[in-house]
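Presented below is the structure to which this report refers.
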Number of protein chains: 2
Amino acid sequence: MTRSTASARPPGRPRSGVNAVVFAATLSTVNELGYAHATVDRIAAAAGVAKTTIYRRWPSKGALIVDCLLDAFGPMPQEGAGRAEFMSSAIHWIAAKISEPGVGDAFAGVFSDAVSDPALREVLSARLQDPYRLALQEALGEPENRVLFFIDVVVGTLLHRMGMTGEPMVDADVARLVEMVLPHFTDDADPA
Amino acid sequence: MTRSTASARPPGRPRSGVNAVVFAATLSTVNELGYAHATVDRIAAAAGVAKTTIYRRWPSKGALIVDCLLDAFGPMPQEGAGRAEFMSSAIHWIAAKISEPGVGDAFAGVFSDAVSDPALREVLSARLQDPYRLALQEALGEPENRVLFFIDVVVGTLLHRMGMTGEPMVDADVARLVEMVLPHFTDDADPA
DNA sequence: TTGGTATCGATACCTTTGGTAGCGAAACTA
DNA sequence: TAGTTTCGCTACCAAAGGTATCGATACCAA
């Protein structure tokens with residue numbers, strides 16, 4: 001194929017590689033000022049970039065935050081011998097990620113924006129939740145509705161604690177969460 | 001005492017009894033337009049009241065929503081013979097309330113606003129969460145941190161489902177939530 | 001009846017913020 | 001050199017939370 005269809009480098013000035021800088025500036029700004037006060041203007045200034053450059057790459061602030069979270073989370077580690085170890089490590093992993101500076105605030109903030117914004121909710125569900133949901137479905141062999149319930153419990157609990165107290169959940173409570181969730185997903189073989 | 005200190009009816013024109021109308025207008029507007037688009041202007045118009053009247057009674061939109069939710073929730077029913085029945089009825093009660101039109105959206109919306117607003121977070125925690133937390137502590141004889149964990153799990157799960165899907169949690173999943181939470185709070189006697 | 005007080009609706013206004021438009025300059029290809 | 005796209009910059013718009021002001025109104029007390 002003679003460099004036929006895609007990825008033949010588009011014409012024009014290439015984009016500068018500042019995505020990582022923008023992501024870092026986003027998290028640090030959210031961490032310093034909170035989600036609502038982390039305006040696009042401030043994020044752009046912190047990144048040393050014009051606001052228009054950000055809107056040239058992301059269609060909305062919500063989309064920027066989602067991409068930033070995707071970059072911050074990265075792939076879910078597929079560790080653990082059995083089901084219990086796997087699920088326990090997954091819960092500890094997401095809890096640790098949400099505890100990182102700015103990540104929990106950004107997550108809770110974009111989540112709340114999505115409540116009133118169906119388009120953003122679609123982005124959040126498809127880009128951020130679905131990859132991990134599919135990985136969990138495959139790794140656990142559980143149907144979609146049970147995996148979605150698992151995500152609701154784990155992420156919902158962690159975000160509620162973050163939103164109500166402003167602080168991430170302490171390790172002891174994360175351990176309690178694991179103890180409560182695991183029996184429900186390892187004892188029986190899909191009773192309902 | 002000669003009507004000494006408090007509640008002797010303050011001077012001036014008394015406030016008209018439109019709080020209930022404003023609460024109803026708030027929930028219906030949030031239900032129709034979503035939290036972000038339910039502006040104070042629109043809520044006032046729906047209630048047939050001037051916007052300045054609303055800001056004369058509530059210091060912020062968040063405070064209005066919290067009062068509206070307090071009015072919508074009402075006191076938690078203290079039903080159930082044993083611990084299991086009591087906790088089960090409490091979970092079903094809050095799930096049903098969050099399913100009412102506008103209530104879930106308003107709850108998730110004010111919750112998310114609180115992430116970046118410590119003052120609003122304080123209002124939310126003290127006015128909305130604490131009464132139910134204290135009732136649960138007394139009814140269950142559990143320490144504060146365990147009751148807070150219980151609230152994080154139940155409310156967090158319900159709100160996460162609401163935020164991600166836009167729909168309240170179906171009864172079958174609420175039942176699963178009860179099945180998962182109850183053993184963790186009824187089997188052992190405070191191991192940690 | 002008169003004065004004091006606080007609420008009412010209405011209007012105008014301020015500030016912040018997400019998002020857009022237009023411009024000249026720069027970077028890259030052909 | 002021509003063409004294309006991104007860059008930073010400035011100006012701008014619209015929506016929304018919140019405030020200030022003003023005349024009118026409802027209530028109490030003297």
Side-chain angles (χ1 to χ4, degrees), chain A residues 2-3 7-19 21-22 25-26 29-30 33-68 106 109-110 112-117 119-120 123, chain B residues 2-3 7-19 21-22 25-26 29-30 32-68 106 109-110 112-120 123:
Chain A
T2 61
R3 75 167 68 158
S7 72
R9 170 183 298 237
R13 175 176 176 171
R15 289 187 165 174
S16 57
V18 293
N19 277 23
V21 180
V22 172
T26 300
T29 305
V30 168
L33 307 174
Y35 181 79
H37 296 137
T39 66
V40 180
D41 276 297
R42 279 193 236 258
I43 292 172
V49 154
K51 186 171 78 160
T52 45
T53 295
I54 290 189
Y55 278 105
R56 211 172 280 123
R57 301 185 182 206
W58 294 277
S60 68
K61 180 183 176 181
L64 165 64
I65 300 290
V66 169
D67 265 19
C68 182
V110 73
S112 58
D113 279 357
V115 171
S116 306
D117 187 339
L120 179 55
V123 171
Chain B
T2 61
R3 74 168 68 158
S7 73
R9 160 161 334 216
R13 174 177 177 171
R15 288 188 167 174
S16 58
V18 293
N19 278 23
V21 179
V22 173
T26 301
T29 305
V30 169
E32 287 175 22
L33 306 174
Y35 181 80
H37 296 135
T39 67
V40 180
D41 277 295
R42 278 193 236 257
I43 292 172
V49 155
K51 185 172 79 161
T52 46
T53 296
I54 289 188
Y55 277 105
R56 211 172 281 119
R57 300 184 182 206
W58 293 278
S60 68
K61 180 183 177 182
L64 165 64
I65 300 287
V66 169
D67 265 19
C68 183
V110 73
S112 58
D113 278 357
V115 170
S116 306
D117 186 340
L120 179 56
V123 171

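Every chain is numbered from 1 and lettered A, B, ... according to where its sequence line falls, protein lines coming before strand lines.
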- [ ] Round to a whole Å and report the spacing from NZ of B/Lys61 to C1' of C/dT16.
- [x] 15 Å

Open item on the list: Nearest to the B/Thr52 side chain among D/dC28, D/dG18, D/dT19, which nucleotide is it?
Closed with: D/dT19

Task: Pairwise distance CG(B/Leu120) to NZ(B/Lys61) - rounded to 0.5 angstrom - done: 11.0 Å

With the criterion being N/O to N/O and under 3.5 Å, what pairs connect the protein with nucleotides 3-7 of chain C, and how long is each?
{"unit_1": "C/dT7", "atom_1": "O4'", "unit_2": "B/Arg13", "atom_2": "O", "d": "3.4"}
{"unit_1": "C/dT7", "atom_1": "O2", "unit_2": "B/Arg13", "atom_2": "NH1", "d": "3.2"}

Open item on the list: Do B/Val18 and B/Arg57 make a side-chain contact, defined as non-hydrogen atoms from C-beta onward lying under 4.5 Å apart?
Closed with: yes

Open item on the list: Need the bend value for the helix from C/dT1-D/dA30 to C/dA30-D/dT1: angle between end axes, 5 pairs each end, nearest 10°.
Closed with: 10°

Task: Partner set under side-chain hydrogen bond (donor to acceptor under 3.5 Å, both in side chains) for B/Asp117, not counting sequence neighbours - done: none

TODO: With sequence neighbours excluded, tell me which residues meet side-chain contact (heavy atoms from CB on, under 4.5 Å) with B/Ala36.
DONE: A/Ser116

Distance-only donor-acceptor pairs under 3.5 Å for side chains of residues 38-52 of chain A, two or more places apart:
{"unit_1": "A/Thr39", "atom_1": "OG1", "unit_2": "A/Arg42", "atom_2": "N", "d": "3.2"}
{"unit_1": "A/Arg42", "atom_1": "NE", "unit_2": "A/His37", "atom_2": "O", "d": "3.2"}

TODO: Please name the pair of heavy atoms, one in B/Val22 and one in B/Leu64, separated by the smallest distance, quoted to 0.1 Å.
DONE: CG1-CD1, 3.9 Å

Task: Whole-Å gap separating P (D/dG18) and CD1 (B/Ile65) - done: 11 Å

Open item on the list: With heavy-atom distances below 4.5 Å as the criterion, would you say the side chains of B/Asp113 and B/Ile65 are in contact?
Closed with: no

Open item on the list: Rounding to an integer number of Å, can you tell me how far A/Leu33 CG sits from C/dT17 P?
Closed with: 10 Å

- [ ] Starting from P on C/dC13, measure out to NZ on B/Lys51 and report it in whole angstrom.
- [x] 14 Å

Open item on the list: Please list, in numerical order, the residues of residues 38-50 of chain B that have a heavy atom closer than 4.0 Å to any atom of DNA chain D.
Closed with: B/Thr39, B/Val40, B/Arg42

Task: Nucleotide D/dA16, atom P - distance to CD1 of B/Ile54 in whole Å - done: 15 Å

Open item on the list: Between P on D/dA16 and OH on B/Tyr55, what's the gap in Å once rounded to a whole number?
Closed with: 12 Å

Open item on the list: Please report the interatomic distance CH2(B/Trp58) to OG1(B/Thr53), rounded to the nearest 0.5 Å.
Closed with: 9.5 Å

Task: Whole-Å distance separating the OH atom of B/Tyr35 from the P atom of D/dA16 - done: 13 Å

Task: Spacing between A/Leu120 atom CG and C/dG19 atom P, to the nearest angstrom - done: 10 Å

